[in-house]
Amino acid sequence: MPETVIYILGYTAVFLFGIVIGSFCNVCIYRIPKQESIMVDSHCMNCGEKLHWYDLVPLFSFIILKGRCRKCQTKLSLQYPLIEGMNGALYVVVILANGWNLFSVIYCLLTSALIILSVIDFRTYLIPNQINAFILALGIITVILDREHATGHLIGMVGISGFLLILYLLTAGRGIGGGDIKLMAAAGLITGWQISVLSFLTGCILGSVIHLIRMKVSGVEHKLA
């Protein structure tokens with residue numbers, strides 16, 4: 001089989017796996033804030049009809065059903081295909097950037113966790129402890145696999161999170177949320193201190209710019225997720 005064909009099939013498989021996990025991300029996004037089990041059968045949010053397997057094929061079911069519930073014809077949220085497609089595409093990006101190895105698996109799972117966390121945070125201004133715990137578990141696995149750089153990972157864990165903790169104490173919790181401290185500690189353990197610093201600064205800049213635009217265009221409040 002030509003190398004190009006193998007290359008295409010490999011990344012197609014990654015994308016398909018990514019959209020399947022993206023479908024699970026949607027389940028987590030809707031159910032975790034409501035403290036519902038993520039293991040129960042999926043159902044229509046409007047009529048409660050239990051969804052069959054052929055209604056749950058990521059991306060394709062949404063297209064075939066024309067974005068509506070099969071039973072009640074309620075229009076489904078565009079979040080479903082967007083999250084699925086984004087997760088699949090980012091899995092491909094991770095593999096392209098980092099290669100076919102165990103660290104890429106960790107980075108892909110981290111990507112999904114951050115997607116779930118970001119959407120929930122955007123809607124509720126809360127970062128679920130379950131997601132931070134999952135990211136921390138990925139961090140511990142990363143340190144075990146990359147023991148020769150363990151010091152850098154540990155510095156990444158306490159660097160930005162330590163700064164945020166000081167900010168939290170000085171402002172009595174008004175300047176930063178506790179979930180952000182836990183997030184930067186868990187994610188920093190995976191990435192190490194250099195990428196942790198870069199991601200924090202980039203996030204602050206992009207978040208501020210985007211939120212200022214939203215305040216101007218949509219009239220949202222000053223509170224920033």
Side-chain angles (χ1 to χ4, degrees), residues 9-71 74-98 100-142 179 182-183 186-187 189-191 225:
L9 288 176
Y11 284 103
T12 299
V14 169
F15 177 76
L16 293 175
F17 178 72
I19 64 174
V20 170
I21 301 301
S23 179
F24 179 70
C25 289
N26 275 316
V27 172
C28 294
I29 288 169
Y30 277 114
R31 296 186 185 180
I32 289 177
K34 298 179 180 179
Q35 297 184 336
E36 296 179 358
S37 171
I38 59 175
M39 304 306 295
V40 298
D41 293 330
S42 296
H43 57 274
C44 174
M45 303 295 287
N46 181 61
C47 67
E49 175 74 2
K50 178 181 175 181
L51 302 180
H52 301 286
W53 68 266
Y54 45 81
D55 293 327
L56 296 170
V57 181
L59 287 183
F60 299 101
S61 289
F62 188 91
I63 295 171
I64 292 171
L65 293 172
K66 298 180 181 178
R68 295 184 179 277
C69 170
R70 184 184 296 275
K71 182 179 181 181
T74 296
K75 193 172 182 180
L76 303 176
S77 172
L78 278 175
Q79 175 189 301
Y80 293 111
L82 289 177
I83 293 295
E84 291 165 356
M86 179 171 62
N87 197 72
L90 288 176
Y91 273 28
V92 172
V93 171
V94 168
I95 301 297
L96 284 170
N98 199 62
W100 299 83
N101 53 61
L102 289 176
F103 292 108
S104 287
V105 175
I106 292 173
Y107 299 150
C108 283
L109 294 175
L110 173 62
T111 297
S112 297
L114 291 176
I115 288 174
I116 296 169
L117 183 150
S118 297
V119 177
I120 293 176
D121 186 24
F122 181 77
R123 291 178 172 174
T124 67
Y125 297 104
L126 295 173
I127 296 178
N129 286 325
Q130 304 98 305
I131 305 301
N132 276 334
F134 176 73
I135 296 174
L136 178 61
L138 293 178
I140 294 171
I141 295 172
T142 302
K182 299 172 188 175
L183 170 61
L189 186 61
I190 297 176
T191 63

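All residue numbers in this chain count up from 1 along the given sequence.
The side-chain contact (heavy atoms from CB on, under 4.5 Å) check on I63 picks up nothing, with sequence neighbours excluded. Every residue meeting the side-chain contact (heavy atoms from CB on, under 4.5 Å) condition with L65, not counting sequence neighbours, appears here in chain and number order: D55, R70. Listed by chain and number, the residues in a side-chain contact (heavy atoms from CB on, under 4.5 Å) with K34 are E36, M45 (sequence neighbours excluded). With sequence neighbours excluded, no residue forms a side chain to side chain donor-acceptor pair (under 3.5 Å) with T142.
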Hey, can you pull the donor-acceptor pairs under 3.5 Å for the side chains in residues 14-27, sequence neighbours left out?
{"residue": "N26", "atom": "OD1", "partner": "Q79", "partner atom": "NE2", "Å": "3.0"}
{"residue": "N26", "atom": "ND2", "partner": "Y80", "partner atom": "O", "Å": "3.1"}

Would you mind writing out the side-chain donor-acceptor pairs for residues 128-138 within the sub-3.5 Å range, not counting sequence neighbours?
{"residue": "N129", "atom": "OD1", "partner": "K182", "partner atom": "NZ", "Å": "3.0"}
{"residue": "N132", "atom": "ND2", "partner": "G179", "partner atom": "O", "Å": "3.4"}

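Listed here is the closest heavy atom pair of C108 and Y91: O-CE1, 3.1 Å. The two residues I127 and L183 come nearest to each other via the heavy atoms CD1-CD2, 4.3 Å. Taking each heavy atom of N98 and S104 in turn, the nearest pair found is ND2-OG, 3.1 Å. When all heavy atoms of I120 and C28 are compared, the pair lying nearest together is CD1-O, 4.0 Å.
Within the 4.5 Å cutoff, side-chain heavy atoms of I115 are placed close to those of L90.
Within 6.0 Å of CZ in F60 there are 12 or fewer heavy atoms belonging to other residues, nucleotides or ligands.
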